[in-house]
Amino acid sequence: MAEKRIAVLVVMDGVGDRPLRAIGGKTPLQAAKTPTFDSLAAEGQNALMDVIGPGITPGSDTAHLALFGYDPIAEYPGRGPLEAFGAGLETKPGDVAFRANFATVDSKMVVIDRRAGRDFAPEEQAELQAALDGIEIDDVKVRFKATVEHRGALVLEGEGLYADISDADPHETGKKILTVRALKPEAEKTARIVNKLMRVAHQRMKGLETNKNRAKKGIPVANALLLRGPGRHSDVPPLPARYGIKAAVIAGGALYIGTAKYVGMEHIPVEGQTGTIDTNFDNIAKKAIETIEAGYNYVFVHIKATDNASHDGNIAEKIVAIEKTDTLVGKIIDAVGDKIIIAVTGDHTSPISIKEHTCDPVPIVFWSDFIRPDSVKRFSELDAAFGSLNSIRGMDVMPLLLGYAGYFEKFGS
Ligand code: ZN
Ligand code: ZN
């Protein structure tokens, strides 16, 4: 068998766009100077790809699951476990996880402030976390981690837990925390535990030193938890078990790190990687090259700045983010181009004109120094439509990368 290559996936979040009058009817990808992407497109195989399916607008989490080779519909655990992993709270199959908020309630559990004033000092977060982490209700253990401002992640560990429950969050102030109901018979235990947890958390939180001080200063106290986005860590085999590969993630945003860790990737931190336009593109390139040379079989690099610019409607910033990623990928090709098979793409389209995700397919290019090229010469939404791989969807990206990289045995004899 031929030598194996390292599979590299570079995702520019929300990079796909539509033609914009302000830049002469071009898309940001067309307007950006992208010598590396264009040479990859000219020497590689291209496609305009539906990441989840035709007409479906992907969320970033489901889109990434698909790009990692998982069925984004059948194998999506819900936001909770992905956020928990991103927060550094690892879940295991059977756990149910939530996104959590500190909130302010009155003595009747009526919500007064859904974010409890939003600002929390690290000591305050630590005291609240210590009060909540380790709570036990019946045979279920609660794990909690405070993250940014009033936010956190909460995990329930125990037997027979399911995420099919209604919301406790009334989503409005002036309304009482709702009694959670099971949406499926098997989730009755979980509903009962969450309802008890709402009361226990309130009891534990209300008397904390943090809240006495906040009350004195006239800042809303954090005396309740609001939970949302429940999800159950299901029995999906992680990448090392599914494909026998050692995989790494280089990303700044917690949701991307979390989704990658959920499928068994190892997070490689990069100094200065922020998940915004201020991220350190040079350091990301250096770390990606190091990681490719460090014995991993698969390296995923995520750039968030393209999607942030799209949500802000900022054309110039989206173009800069694309150009800086082009330079970053150029450095990877120069250093280790003969060791890799690389795919460059987006997880969805986020048109500047819409400032949200849309269902338009995204361009993808596969390049290696041995791949058979198609007739596409430039990397853009319009050029990619003439590529040779146009039947693929997001879920096909991982098998294509690993197949070209040489990790699959011959099928049959
Ligand atoms: Zn995204
Ligand atoms: Zn987005």
Side-chain angles (χ1 to χ4, degrees), residues 59 61-62 65 70-103 105 109-111 114 128-147 150-172 175-205 222-238 255 258-259 261-263:
D61 47 4
T62 50
L65 272 187
Y70 290 77
D71 182 331
I73 295 159
E75 296 179 299
Y76 179 55
R79 190 86 183 243
L82 308 179
E83 291 277 345
F85 266 101
L89 203 55
E90 308 213 335
T91 58
K92 58 184 184 313
D95 292 351
V96 169
F98 301 81
R99 309 170 77 187
N101 270 14
F102 300 136
V105 297
M109 299 294 274
V110 170
V111 177
R114 298 189 64 250
L128 287 157
Q129 179 176 305
L132 296 166
D133 188 37
I135 289 178
E136 285 183 23
I137 295 174
D138 303 342
D139 62 339
V140 173
K141 188 169 174 202
V142 176
R143 290 155 65 217
F144 178 85
K145 187 150 186 209
T147 54
H150 56 286
R151 290 188 279 267
L154 186 138
V155 176
L156 301 179
E157 286 179 348
E159 294 294 312
L161 298 173
Y162 292 90
D164 313 275
I165 56 170
S166 66
D167 222 341
D169 185 348
H171 293 282
E172 274 179 63
K175 291 205 171 147
K176 236 175 132 161
I177 289 193
L178 304 169
T179 302
V180 167
R181 286 172 298 103
L183 302 176
K184 282 185 183 169
E186 64 263 35
E188 254 153 44
K189 171 177 172 176
T190 315
R192 194 179 72 237
I193 298 286
V194 171
N195 287 326
K196 279 193 189 171
L197 172 62
M198 292 295 100
R199 294 193 294 276
V200 174
H202 176 60
Q203 289 303 325
R204 289 222 186 173
M205 293 166 86
N223 63 0
L225 272 184
L226 292 178
L227 302 180
R228 64 210 150 90
R232 183 173 190 269
H233 190 141
S234 54
D235 294 314
V236 290
L255 180 63
T259 305
K261 287 177 82 175
Y262 180 76
V263 299

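Both backbone and side-chain heavy atoms feed into the values below; hydrogens, waters and symmetry mates do not.
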For a quick test of reading the model, state the closest non-hydrogen atom pair linking [X] to [Y] and the distance between them.
X    : Y    : answer
A153 : A87  : CB-CB, 4.1 Å
V96  : A163 : CG2-N, 4.0 Å
L128 : A222 : CD2-O, 3.7 Å
D61  : T259 : O-CG2, 4.0 Å
A182 : A191 : N-CB, 3.8 Å
M198 : L227 : CE-CD1, 3.6 Å

Contacts of [X] that satisfy salt bridge (charged side-chain N to carboxylate O under 4.0 Å, His left out) - sequence neighbours left out:
X    : result
K196 : D138
D169 : R114
D167 : none

Straight-line distance of [X] [atom1] to [Y] [atom2], nearest 0.5 Å:
X    : Y    : atom1 : atom2 : value
L225 : R204 : CG    : CZ    : 11.5 Å
T190 : L161 : OG1   : CG    : 4.5 Å
I165 : R192 : CD1   : CZ    : 12.5 Å
Q129 : L154 : CD    : CG    : 11.0 Å
I135 : I193 : CD1   : CD1   : 11.5 Å
L183 : E188 : CG    : CD    : 10.5 Å

Please check this pair: side chain of [X] against backbone of [Y], looking for a donor-acceptor N/O pair closer than 3.5 Å.
X    : Y    : answer
T62  : P72  : no
N195 : T179 : no
H202 : A224 : no
K184 : D164 : no

| message | Within a 6.0 Å radius of atom NZ on K141, are there more than 12 heavy atoms belonging to other residues, nucleotides or ligands? | response |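 Open.
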| request: Show the numbers, then the answer: is there a side-chain contact (heavy atoms from CB on, under 4.5 Å) between L132 and M205? | output: CA-CA 8 Å; L132 296 166; M205 293 166 86; 3.9 Å; yes
| task | Mind running side-chain contact (heavy atoms from CB on, under 4.5 Å) on Y76 and L82 for me, showing each step along the way? | result | CA-CA 10 Å; Y76 179 55; L82 308 179; 3.9 Å; yes
| request: Sequence neighbours left out, what pairs pass salt bridge (Lys or Arg N to Asp or Glu O under 4.0 Å) with at least one residue falling in residues 83-94? | output: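 Qualifying pairs: R79-E83, E83-R99, E90-K261, K92-D95, K92-E157.
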| query | By ring pair (Phe, Tyr, Trp, His ring centres under 6.0 Å), which residues pair with Y70, not counting sequence neighbours? | reply |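 Y70: no ring pair (Phe, Tyr, Trp, His ring centres under 6.0 Å) contacts found.
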| Residues that F98 engages under ring pair (Phe, Tyr, Trp, His ring centres under 6.0 Å), provided they are two or more places apart |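 For F98 there are no ring pair (Phe, Tyr, Trp, His ring centres under 6.0 Å) partners, ignoring immediate neighbours.
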| Check: V263 and P238 side chains under 4.5 Å, non-hydrogen atoms |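 Side chain of P238 against side chain of V263, heavy atoms only: no contact under 4.5 Å found.
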| Do V105 and V110 have side chains that get closer than 4.5 Å, going by heavy atoms? |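 The answer is no, as the side chains (C-beta and beyond) never meet within the 4.5 Å cut-off.
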| task | Mind running side-chain contact (heavy atoms from CB on, under 4.5 Å) on V236 and Y262 for me, showing each step along the way? | result | CA-CA 9 Å; V236 290; Y262 180 76; 3.8 Å; yes
| query | Given the rule in the side-chain contact (heavy atoms from CB on, under 4.5 Å) test, do T91 and F85 qualify, once you have shown the distances and angles that lead to the verdict? | reply | CA-CA 7 Å; T91 58; F85 266 101; 3.0 Å; yes
